[in-house]
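Scroll down for the structure; my scribbles are underneath it.
For clarity, every value in this text was computed on a predicted model and none was experimentally measured. Chain letters run A, B, ... following the sequence lines, proteins first, then strands; residues in each count from 1.
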Amino acid sequence: VEALEILLLAFVVAGAIPPVVGVYTFALASIHSWRVAREPVAPLFPRVAIVVPAWNEAAVLGRTLDRLAALEYPRQALRVYVVDDASTDGTPALVHGKAAEHPGLIFYLRRDQGGQGKAHTINHGLGIIRAEDWYEAVLIIDADVILTAESLRRMTRHFASVDVGAVTAYIKEGSRPENYLNRFVAFEYVTAQAAARRAQNMLGAQACLAGGAQLLSRESLDAVGGRIDTSTLAEDTATTFKVQLAGWRVVFDPTAVVWAEEPSDIRGLWKQRLRWGRGNVQITRAFRHVWFRRRYGRLGGIGFAAIWFTTTMMPVFMVLSSIGLVGLFFADRSLSGHAFRLLLGVNVVTYLFITISAISIDPDTGRRTWREAILFPGIISVLFLIYAVDPPLFKGVNLGAGLLTAIVLFAYVWQAGCMLAAGALKALEPVRGVRVVVPPMLYVVGYGPLLAAMTAGAYIKELRRAEMRWEKTEKSGKVGEALQ
Amino acid sequence: MSDLERPDVTDPVSSQQAELERREDEHQERRRLVRQIVLAVVLAILLAARLTLVGS
């Protein structure tokens, strides 16, 4: 029995690993000024070929191209190649119009046989661009993103370091008008991009060049075979790993801001994150020889692995903590109470530290999304956290012993059960008459649990060896109206 | 990118401006850290005050 209790306790402690790593990540991000002070940058304007893969993007592409034409960058050193993946809408006409408007700047490339996905489309363009031999660096962007005027020159300045092979920008959620889900995503990007990528700058290893804006030097692209990886659903992450394993440094510039439109409903978000999650599982497998091995440089470091695995294995930690708590409840109720208070204590510190740090890192987004920041774990979990900090607040609440036991058990099950609740919201979203309660219910259940549920969904798809299909995230072109 | 050749074009940013921008970036990062510390201290004081009041 004792051995079983120790095992169950270990499960609960495992549940505390992600919050501890969260604090570690944000602590690193906090001291990013140290990195900025030491990063050699200088105005450099290499000839940049911008690759824009496009499949039926007529609704969004025009503004993207106009913004590219307005970049603070020497015109002679810039070419934009729209690679049309056999679009059937007005994309070709739109690009030809823009090419006539900006002669020598915008070029139209077309694949007659489309449908293979974004990575293949990019590679078609890269093949032509590399054959032309004009470029010194290549910037790969999504068709819907809006680059701020100074973003490209802020990225290219990092090539002043001879070891920098690639640079990624800060992708910000830019849907206007925005809805509740856009605000959750906006806050998530502060944590997952602005903060996590600063931390990765500090560690000297980046997990992912954001697919929406990734700048690669000619040499680093050559080093990975001149092509984007097509073997996984996370082509940007695979390329990032390969570039670093080839000996190049990859850096994140938080001042190079790129606005993107993200999904406005749970189903759209689920589809996008299932692809990312499956891609991450594939990457974990494909680069299994790299993890925890310092001979692969910073990518093989413990710090980087801690951040990678706590993100990609979040559902596992959540399930373990639930199993541990429920098991202890039946084995030794008093011990389960102590373990839960310990877990809550760690979570409270993490929650407060991360929320404060995220709002400090990007105050503009913090002002827009403070409700979503506070309710990121969901109202139910926040109530548990408040109880952990301030139990006397609940002193007046008189519950019978039976109800109290039920609430305690619910709290234990909720550690993982919140993922099922988040999954249920996705199922309810298209149901007429019910969908109206989905947004408020997401605040109750939490956006964090939704992210974990989508990751769990990715495991299931991957285990079932579901077909690897590139499912495009639908964009309506509502990004940037307020950002001009 | 050691062998990068600078194209013969007008620079949108001079070296001095670029250095000023870099310093501004550094200051911004420091300001963030200060903001973070101030917020954390204020929150800690509020929490401590609440717990002390309730405790007494």
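To the nearest 0.5 Å, atoms CZ (Arg157(A)) and CG (Asp25(B)) are separated by 4.5 Å.
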Let me see the working for Arg154(A) and Glu21(B) under side-chain contact (heavy atoms from CB on, under 4.5 Å), right down to the final yes or no.
CA-CA 9 Å; Arg154(A) 281 184 173 270; Glu21(B) 276 184 3; 3.6 Å; yes
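Proximity of Ser357(A) to Arg32(B): side-chain heavy atoms (C-beta onward) are nowhere separated by under 4.5 Å. Leu47(B) is listed as a side-chain neighbour of Leu352(A), based on a closest heavy-atom distance under 4.5 Å.
Most heavy-atom pairs under 4.5 Å with chain A: of the set Arg22(B), Glu29(B), Arg35(B), this distinction falls to Glu29(B). Between chain A and the options Gln28(B), His27(B), Arg30(B), Arg23(B), the largest number of non-hydrogen pairs under 4.5 Å is found for Arg30(B).
Leu39(B) touches chain A through backbone and side chain together, each having a heavy atom under 4.5 Å away.
Judged purely by distance below 3.5 Å, without hydrogens or angles, the side chains of Gln36(B) and Ser30(A) pair a donor atom with an acceptor atom.
Closest approach of Ala40(B) to Ile356(A), counting heavy atoms only: CA-CD1, 3.9 Å.
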